[in-house]
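Numbers for residues simply follow the sequence, beginning at 1.
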Amino acid sequence: MAGGGTEAFPDLGKHCQYSGCHQLDFLPFKCQACLKVFCLEHKSCKSHECPKPEHNSRKVIICEICSTSIEVTGKEDQEKMILEKHGMSGDCDPRKKKKPTCPVRRCRETLTFSNRTVCKTCRLEVCLKHRFPADHACKQASSSAPAEARGGWKEKFLAAFSSRNGKDCGKSGRPSSPTIPSLKAY
């Protein structure tokens with residue numbers, strides 16, 4: 001009954017080799033571990049109770065000392081041996097386990113891939129909340145900037161406001177209706 005097909009097409013499809021199923025499947029799956037043919041429902045090693053499920057399995061284990069991920073292919077007894085080998089290799093460093101945090105005072109934000117940035121001025125790695133130089137007390141920006149630029153936004157606003165010399169932006173002698181540019185067709 002392992003063959004397949006119908007009376008008209010005897011070579012089309014195969015019967016599932018899982019005991020109790022034997023469904024005719026026109027797109028059968030071949031298990032890479034036990035080399036038997038199965039239907040869609042029984043194609044995984046777990047669903048057809050494969051005798052060799054670890055044939056091509058891959059698993060990642062995490063070292064509890066340094067949080068390093070190690071890929072393992074094989075049986076569970078090999079995992080312990082691989083972890084011991086990793087511990088003896090010298091690559092296992094407990095200082096690696098601590099996640100970096102934002103260096104800004106009173107900020108305990110853990111720096112991850114998606115919430116960290118590097119300040120373009122002082123090259124300090126900070127969280128996104130402190131990405132602007134004023135938020136993380138940027139040392140290079142405050143020491144190299146002129147005195148008026150070091151001030152807050154209020155000083156900058158007042159400097160810009162005083163530079164207008166009493167001119168009103170809305171009444172600069174222009175016509176009140178906006179000019180419409182002419183369009184040329186090519």
Which of His48, His22, His42 passes side chain to side chain contact (heavy atoms under 4.5 Å, CB included) with Cys16? Answer is His42
More than 12 heavy atoms of other residues, nucleotides or ligands under 6.0 Å from CG of Leu27: yes or no? no
So His130 and Cys102, do their side chains get closer than 4.5 Å, heavy atoms only? yes
Just verifying a value: how many Å separate Glu49 CD and Cys34 SG, rounded to the nearest 0.5 Å? 11.5 Å
Side chain to side chain, His136 and Cys119, heavy atoms closer than 4.5 Å: yes
Can you see which heavy atom on Gln17 is nearest to which on Phe38, and at what distance? C-CE2, 4.0 Å
Cys107 side chain reached by Thr101 side chain, heavy atoms, under 4.5 Å: no
Roughly how far apart are Cys92 SG and Met88 CE, rounded to 0.5 Å? 10.5 Å
With the side chain counted from C-beta on, respond yes when Val126 and Thr117 share a heavy-atom pair under 4.5 Å apart, and no when they do not. yes
Decide yes or no for Val37 and Phe29: does some side-chain heavy atom of the first lie under 4.5 Å from some side-chain heavy atom of the second? no
Which pair of non-hydrogen atoms, one from Leu128 and one from Ser114, has the smallest distance, and what is that distance? CD1-O, 3.8 Å
Report yes or no: does Asn115 contribute a side-chain atom to a donor-acceptor pair with the main-chain N or O of Thr110 at less than 3.5 Å? yes
Are Ile82 and Ile70 close enough, and set up right, to give a side chain to side chain contact (heavy atoms under 4.5 Å, CB included), and what steps lead you there? CA-CA 8 Å; Ile82 290 173; Ile70 305 164; 3.8 Å; yes
Ignoring hydrogens, what is the shortest heavy-atom contact between Lys129 and Asp135? Give both atom names and the distance. O-OD2, 3.5 Å
Are Asp25 and His15 packed together at the side-chain level, in the sense that at least one heavy-atom pair is separated by less than 4.5 angstrom? no
Assess the residue pair Leu83 and Ile61 against the criterion (side chain to side chain contact (heavy atoms under 4.5 Å, CB included)); give the C-alpha distance rounded to whole Å, side-chain angles, the decisive distance to 0.1 Å, and a yes or no. CA-CA 9 Å; Leu83 279 174; Ile61 55 174; 3.6 Å; yes
Any chance you could lay out the side chain to side chain contact (heavy atoms under 4.5 Å, CB included) test for Cys127 and Arg116, step after step, and finish with the verdict? CA-CA 5 Å; Cys127 68; Arg116 72 172 62 187; over 6 Å; no
Suppose we screen for side chain to side chain contact (heavy atoms under 4.5 Å, CB included). Which residues come up paired with Glu41, at least two apart in sequence or across chains? Cys39
